[in-house]
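Notes to accompany the following structure.
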Amino acid sequence: MTAESCGIGEQRVAGLASLIGGKARIRGWLYVRNTVGKLVFLRIRDSTGVVQVVVKRDMVGEEVFNQVKRLRRESSLMVEGLVRKDARAPGGVEVQAEKVRVLSPSLEDPPLRKNMSPEAVWKYRHLFIRSRTMNTVLKLRSSLSTLLRQWLLDHGYYEVSAPSIVTAATEGGARMFEVSYFGKKAFLTQSSQFYLEGAIFSLEKVFCFQPSFRAEESKTRRHLSEYWHLEVEACYMDLNQLLQLEENMLTEVVERFYEKHKEDIERFNPGFRPFEKPFKRITYTRAVELLRNSGVEIEWGRDLGVKEERLIAVKVGQPVFVTHYPKETRAFYHMPDPENPSVVLAADLLVWPYGEITGGGQRIDDYNALLNRIVESGYNPEDYAWYLDLRKYGSVPHSGFGLGFERLLAHILRLPSIRYAVPYPRTQTIVYP
Ligand code: NSS
């Protein structure tokens with residue numbers, strides 16, 4: 001019998017408040033069970049919320065009542081009944097069950113508790129994502145990625161796909177996962193940038209949103225071995241225009257995201273305010289001065305670590321672009337500043353406490369200049385022959401950036417680690433489930 005044929009519309013929990021006095025059928029999972037005398041109170045969750053269901057023996061019959069009384073958490077079930085107003089129940093409504101069907105009883109009590117150890121949280125991640133907290137995080141994640149995509153599509157960018165299995169490093173070879181590829185050595189991609197650079201010569205403005213892989217041996221709260229990377233690349237764009245693009249995209253998307261999910265966001269991060277334009281800007285050289293004035297010992301030429309990035313975000317205000325990094329701290333493809341070739345036209349966007357959430361810059365667009373940098377950086381130009389081709393056939397000035405999607409989400413929600421911003425994290429210690 002379908003829901004329609006018995007005259008009862010199938011409902012989601014969140015929609016029950018509009019059905020008070022009427023009948024509904026819901027399907028979901030048992031969240032909490034309480035027996036009080038001849039009544040069993042079930043809290044049932046679906047993707048939209050939690051509702052209380054009252055089961056009475058004389059309404060559902062002896063057999064079903066006894067089955068429900070013993071039901072373990074996470075059993076899946078279907079309930080039909082009358083929707084009643086009840087100010088004490090979650091969501092302000094209660095369902096008085098007339099019919100209960102257990103779709104599949106849990107075979108054991110699930111290993112989910114309120115205060116689980118971090119080890120257990122990751123070991124049972126496949127079950128833990130059923131929690132109300134993770135349900136909200138995953139919904140917000142889906143919404144934020146949609147808004148970012150939509151913004152880029154609305155601004156004339158095409159989404160392209162890039163391979164995950166590649167033959168060369170973009171960000172330094174030591175941090176690559178090696179794969180055996182039909183007897184040859186290949187790697188999981190660190191960034192799709194080079195493939196996007198290839199695509200601009202066809203589409204001019206492109207982006208991709210897909211995983212990047214980093215074999216970094218770091219157990220910090222801001223590193224994943226596999227993270228979702230939003231990368232954007234466009235023709236005829238210089239560093240200033242790139243920063244403008246990042247600023248516009250992030251302020252508009254985050255504002256829209258905040259408006260749409262204010263209540264949820266504030267529950268995670270009561271102090272959150274959307275980004276405001278213009279973002280602060282500071283050169284690397286000025287940042288070093290500022291750090292030194294704050295008592296940090298740092299040599300000019302050394303890359304900034306997370307502690308330094310945080311301090312800059314606090315001192316200058318956030319978000320802040322740090323620009324014009326020393327050439328040696330950045331990958332070979334960055335364009336040297338014509339006015340001071342010891343620094344490159346690159347910029348990282350820093351926030352507190354995660355530090356860098358985007359990294360990007362203007363690319364070297366001259367064939368010989370790129371070839372020289374590849375050699376100077378100790379790479380084999382043959383490994384980059386196709387990338388060099390992009391400078392051989394109709395090169396144009398161009399720029400792009402990459403955004404660590406989990407870092408942005410974790411920043412907005414103030415999650416304790418970016419691991420919580422992804423359903424199934426991959427880190428140095430987590431590769432299961
Ligand atoms: O290494 S990046 O700084 N830059 C690139 O990969 C460029 N090829 C991107 C481009 O211009 N198309 O990484 C970009 C961002 C960085 O700012 C972080 O927010 C994020 O990617 N990122 C990470 N997120 C999570 N975990 C790890 N390990 C990680 N590494 C970088």
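Counting convention: from 1, in listed order, for ligands and their atoms alike.
- Applying the 4.0 Å criterion to heavy atoms of Gln193 picks out, from ligand 1, the atoms 7 (C), 8 (N), 10 (C), 11 (O), 12 (N).
- Atoms of ligand 1 lying under 4.0 Å from at least one heavy atom of Gly404, given by number and element, are 15 (C), 19 (O), 20 (C), 21 (O).
- Looking from atom 4 (N) of ligand 1 to the surrounding protein, the closest heavy atom is Glu171 OE1, 3.9 Å.
- When only non-hydrogen protein atoms are considered, atom 9 (C) of ligand 1 lies nearest to Glu231 OE1, 3.4 Å.
- The ring of Tyr284 has its center closer than 6.0 angstrom to the ring center of Trp300.
- Of the heavy atoms in Glu226, none comes closer than 4.0 Å to ligand 1.
- For ligand 1, none of its N or O atoms has an N or O atom of His223 under 3.5 Å away.
- Less than 4.0 angstrom separates some heavy atom of Ile357 from each of these atoms of ligand 1: 17 (O), 19 (O).
- Counting only heavy atoms of the protein, atom 18 (C) of ligand 1 lies nearest to Arg407 NH1, 3.5 Å.
- Close placement of the Phe194 and Tyr333 rings is indicated, their centers lying within 6.0 Å of each other.
- No part of Glu406 comes within 4.0 Å of ligand 1, judged by heavy-atom distances.
- If you number the atoms of ligand 1 from 1 as listed, the ones under 4.0 Å from a heavy atom of Thr358 come out as 17 (O).
- For ligand 1, the atoms closer than 4.0 angstrom to any heavy atom of Tyr333 are 7 (C), 8 (N).
- For Lys277, the NZ atom counts as densely surrounded, since its 6.0 Å shell holds more than 12 non-hydrogen atoms of other residues, nucleotides or ligands.
- Among the atoms of Ile418, none of the N or O lies under 3.5 angstrom from an N or O of ligand 1.
- Not close to ligand 1: Glu233, with no non-hydrogen atom less than 4.0 angstrom away.
- At the shortest separation from atom 15 (C) of ligand 1 among protein heavy atoms lies Gly402 O, 3.6 Å.
- Ranking the protein heavy atoms by distance from atom 14 (C) of ligand 1 puts His229 NE2, 3.4 Å first.
- Using a 4.0 Å cut-off between charged nitrogen and carboxylate oxygen, Glu376 and Lys327 count as a salt-bridge pair.
- In this structure, Arg330 falls outside the shell of residues with a heavy atom less than 4.0 angstrom from ligand 1.
- Atom-to-atom distance recorded for Leu350:CG and Glu308:CD is 11.0 Å, nearest 0.5 angstrom.
- Residue Phe207 places no heavy atom under 4.0 Å from ligand 1.
- For atom 26 (N) of ligand 1, the closest non-hydrogen atom of the protein is Leu224 N, 3.0 Å.
- Only side-chain heavy atoms of Tyr227 come within less than 4.0 Å of ligand 1; its backbone N, CA, C and O stay farther off.
- In the vicinity of Arg363, heavy-atom distances shorter than 4.0 Å reach the ligand 1 atoms 10 (C), 11 (O), 12 (N).
- Nearest protein heavy-atom contact of atom 3 (O) of ligand 1 is Glu356 OE2, 2.9 Å.
- Between Phe321 and Phe279, the ring planes lie tilted relative to each other; the angle falls in the 30° to 60° range.
- To the nearest 0.5 angstrom, Cys235 atom SG is 10.0 Å from Lys205 atom NZ.
- Counting heavy atoms of neighbouring residues, nucleotides and ligands inside a 6.0 Å radius, atom OH of Tyr181 does not exceed 12 of them.
- Atom NZ of Lys262 has 12 or fewer heavy atoms from other residues, nucleotides or ligands within 6.0 Å.
- Atom CG in Leu349 sits 9.5 Å away from atom CD in Gln318 (nearest 0.5 Å).
- Atom CG of Leu345 sits about 10.0 Å away from atom CD1 of Ile364, to the nearest 0.5 Å.
- Residue Phe272 qualifies as enclosed at atom CZ: its count of foreign heavy atoms under 6.0 Å is above 12.
- Not one N or O of Val232 is nearer than 3.5 Å to an N or O of ligand 1, by distance alone.
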CA sep, side-chain torsions, deciding dist, call: Phe207, Trp151, ring pair (Phe, Tyr, Trp, His ring centres under 6.0 Å): CA-CA 11 Å; Phe207 74 98; Trp151 192 93; over 10 Å; no
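- Residue contacts with ligand 1 do not include Thr170, since none of its heavy atoms lies under 4.0 Å from the ligand.
- For Arg281, the CZ atom sits in a packed shell: over 12 heavy atoms of surrounding residues, nucleotides or ligands are nearer than 6.0 Å.
- Interface atoms of ligand 1 facing Arg222, defined by a heavy-atom separation under 4.0 Å, are 25 (C), 26 (N).
- Residue contact check: Gly400 has heavy atoms under 4.0 Å from atoms 11 (O) of ligand 1.
- For Glu197 and His398, the side-chain atoms include at least one donor-acceptor pair closer than 3.5 Å.
- When heavy-atom distances to ligand 1 are checked against a 4.0 Å cut-off, Arg214 comes that close only through its side chain, counted from C-beta outward.
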